[in-house]
Amino acid sequence: DAGVIQSPRHEVTEMGQEVTLRCKPISGHDYLFWYRQTMMRGLELLIYFNNNVPIDDSGMPEDRFSAKMPNASFSTLKIQPSEPRDSAVYFCASQGLGAGEQYFGPGTRLTVT
Amino acid sequence: AQSVTQPDIHITVSEGASLELRCNYSYGATPYLFWYVQSPGQGLQLLLKYFSGDTLVQGIKGFEAEFKRSQSSFNLRKPSVHWSDAAEYFCAVGVFTGGGNKLTFGTGTQLKVEL
């Protein structure tokens, strides 16, 4: 299995631009999680999906952030418009049914100038 | 709400020395506990997990952790550290919600290994 795949690995954009981060979970996993990692706030859960349905988006910082999961093999996290304070590493993770562990992707390092 | 405290931000040990990374959690029920490792520029990799049963759990790469309910702790240990263990280590507590495991992470401990 290729594991969780994220793209792009690095993204540099200017303030005000739209940014889309992509994730392909491990095949057969029912849960998908989006996290953000910064020096100041550490690892934060933004949102998670169960069977493509958003379950908890209480960690999404504001309306500029949105996430979708149109099918079991693909999810996007969109920031529109982006701001410098959104600069962080964004991780996607997936989990199978039951008390299993979450498998993390390599992350997308986002820099907003 | 659950929380995790990792009191040591940085730890330096000599190669071959023993290691203990501290983790304290706060959660009202029996917790699900995890240790993850993150190498520079990489995602998080699971080292070990505790759900129930034996309070001493073995993980990959020679790591182990002990769950102590009375101390609300889940410390990570390794008897002999290798230079390749230099990385950042995260403790996490999981809350089951509808089958998914919502994780809350500690702030991490950066491990440096001196040769």
Does a side-chain heavy-atom distance below 4.5 Å link [X] with [Y]?
X        : Y       : answer
B:Leu103 : A:Tyr35 : yes
B:Lys102 : A:Tyr31 : no
B:Thr107 : A:Leu43 : no

Is the number of heavy atoms from other residues, nucleotides or ligands under 6.0 Å of [X] [atom1] greater than 12?
X        : atom1 : answer
B:Ile60  : CD1   : yes
A:Arg109 : CZ    : no
A:Asp63  : CG    : no
A:Glu14  : CD    : no

Next item on the list: Could you tell me which portion of B:Gln38 (side chain, backbone, both or neither) has an atom closer than 4.5 angstrom to a non-hydrogen atom of chain A?
Entry: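 Just its side chain gets close to chain A.
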
Margin query: With a 4.5 angstrom heavy-atom cut-off, is it the side chain or the backbone of B:Leu46 that approaches chain A, or both, or neither?
Written below: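 Contact with chain A involves the side chain of B:Leu46 alone.
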
Notebook entry, point to check: Roughly how far, to the nearest 0.5 Å, is the OG1 atom of B:Thr104 from the CD atom of A:Glu44?
Noted result: 11.0 Å

Non-hydrogen atoms of chain B under 4.5 Å away: do they reach the side chain of [X], the backbone, both or neither?
X       : result
A:Asp30 : neither
A:Gln37 : side chain
A:Arg41 : neither

Hydrophobic clustering (ILVMFWY, side-chain heavy atoms < 4.5 Å, transitive) - are [Y] and [X] grouped together?
X       : Y       : value
B:Leu56 : B:Tyr50 : no
B:Tyr27 : B:Phe67 : yes
A:Phe33 : A:Ile55 : yes

Check: Backbone N or O of A:Gln102 within a donor-acceptor pair of the B:Tyr36 side chain at under 3.5 Å?
Finding: yes

